[in-house]
Amino acid sequence: DSGVTQTPKHLITATGQRVTLRCSPRSGDLSVYWYQQSLDQGLQFLIQYYNGEERAKGNILERFSAQQFPDLHSELNLSSLELGDSALYFCASSVADDSPLHFGNGTRLTVT
Amino acid sequence: GENVEQHPSTLSVQEGDSAVIKCTYSDSASNYFPWYKQELGKGPQLIIDIRSNVGEKKDQRIAVTLNKTAKHFSLHITETQPEDSAVYFCAASPFMYSGGGADGLTFGKGTHLIIQP
């Protein structure tokens, strides 16, 4: 068990809808990262937060947004969902930029 | 940006034999190279990592080698066991001491390792 908790485990929704994925990092970790895993694209970095502030942005669509709260948990919001957004979404955390990433078990999003 | 190529996509070996997975990267500024193991229904788990100031690192049955000149690094698993069956990902980052950094980790597409009994 990595200590990173993601909810929900599975999410099924329709095109055009909006969903929120939640992540609780390991105790003491200040950095939270979001990754998308799909069969054709592999693991793609979306965004990083450090202690509540956005730190880095990767291949995140404008329809997606994230935030990190004072208690360090993070939420990834996906809106105007399309079929192509169906994927596994992983959250990872680390103590700081100079420490390894630890991944949660992901949220499987299915858009129908 | 960085591009990481990983080979093979599927590797089947007999239990007890060795397995080698290879990755190449494009950005000569990359300095941190972790390997992750992903089992079905779980997230990637860090199994070993290496930084550019080291050429080889070993942890029990697992070893990683890095050739910065050729821009490639490899994962070696010896005496393979059934529990080694999983998908393995290599990754690269430009930050010497970073688990992610401004661009995050760039991952290879993964190798499905199958251990035949």
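Lettering of chains follows the sequences in order, A, B, ..., and the numbering in each one begins at 1.
Within a 6.0 Å radius of CD in A/Glu54, more than 12 heavy atoms belonging to other residues, nucleotides or ligands are found. Shown here is A/Glu62, whose CD atom has no more than 12 heavy atoms of other residues, nucleotides or ligands within 6.0 Å. In A/Arg108, the CZ atom is not crowded: 12 or fewer heavy atoms of neighbouring residues, nucleotides or ligands sit closer than 6.0 Å. Heavy atoms of other residues, nucleotides or ligands lying less than 6.0 angstrom from CG of B/Leu40 number 12 at most.
B/Pro34 does not touch chain A: none of its heavy atoms, backbone or side chain, sits under 4.5 Å away. Heavy atoms of B/Lys42 lying under 4.5 Å from chain A belong to its backbone as well as its side chain. There is no contact between A/Gln44 and chain B, counting heavy-atom distances below 4.5 Å.
Looking at B/Phe89, B/Phe107, B/Tyr36 one by one, the single match for ring-ring contact (aromatic ring centres under 6.0 Å, His included) with A/Tyr35 turns out to be B/Phe107.
Between B/Asp49 and A/Pro100, the closest heavy-atom pair is OD2-CG, 4.0 Å. Between B/Gly43 and A/Asn105, the closest heavy-atom pair is N-OD1, 3.1 Å. Minimum heavy-atom separation, A/Leu101 to B/Leu105: CD1-CD1, 3.6 Å.
Applying the ring pair (Phe, Tyr, Trp, His ring centres under 6.0 Å) rule to B/His7 yields no partners; only residues at least two apart in sequence or on another chain are considered.
Taking hydrophobic clusters as Ile, Leu, Val, Met, Phe, Trp and Tyr residues chained together by side-chain heavy-atom distances below 4.5 Å, B/Tyr25 shares a cluster with B/Val64.
Put simply, CD on B/Gln38 and CZ on A/Phe90 are 4.5 Å apart, with the number rounded to the nearest 0.5 Å.
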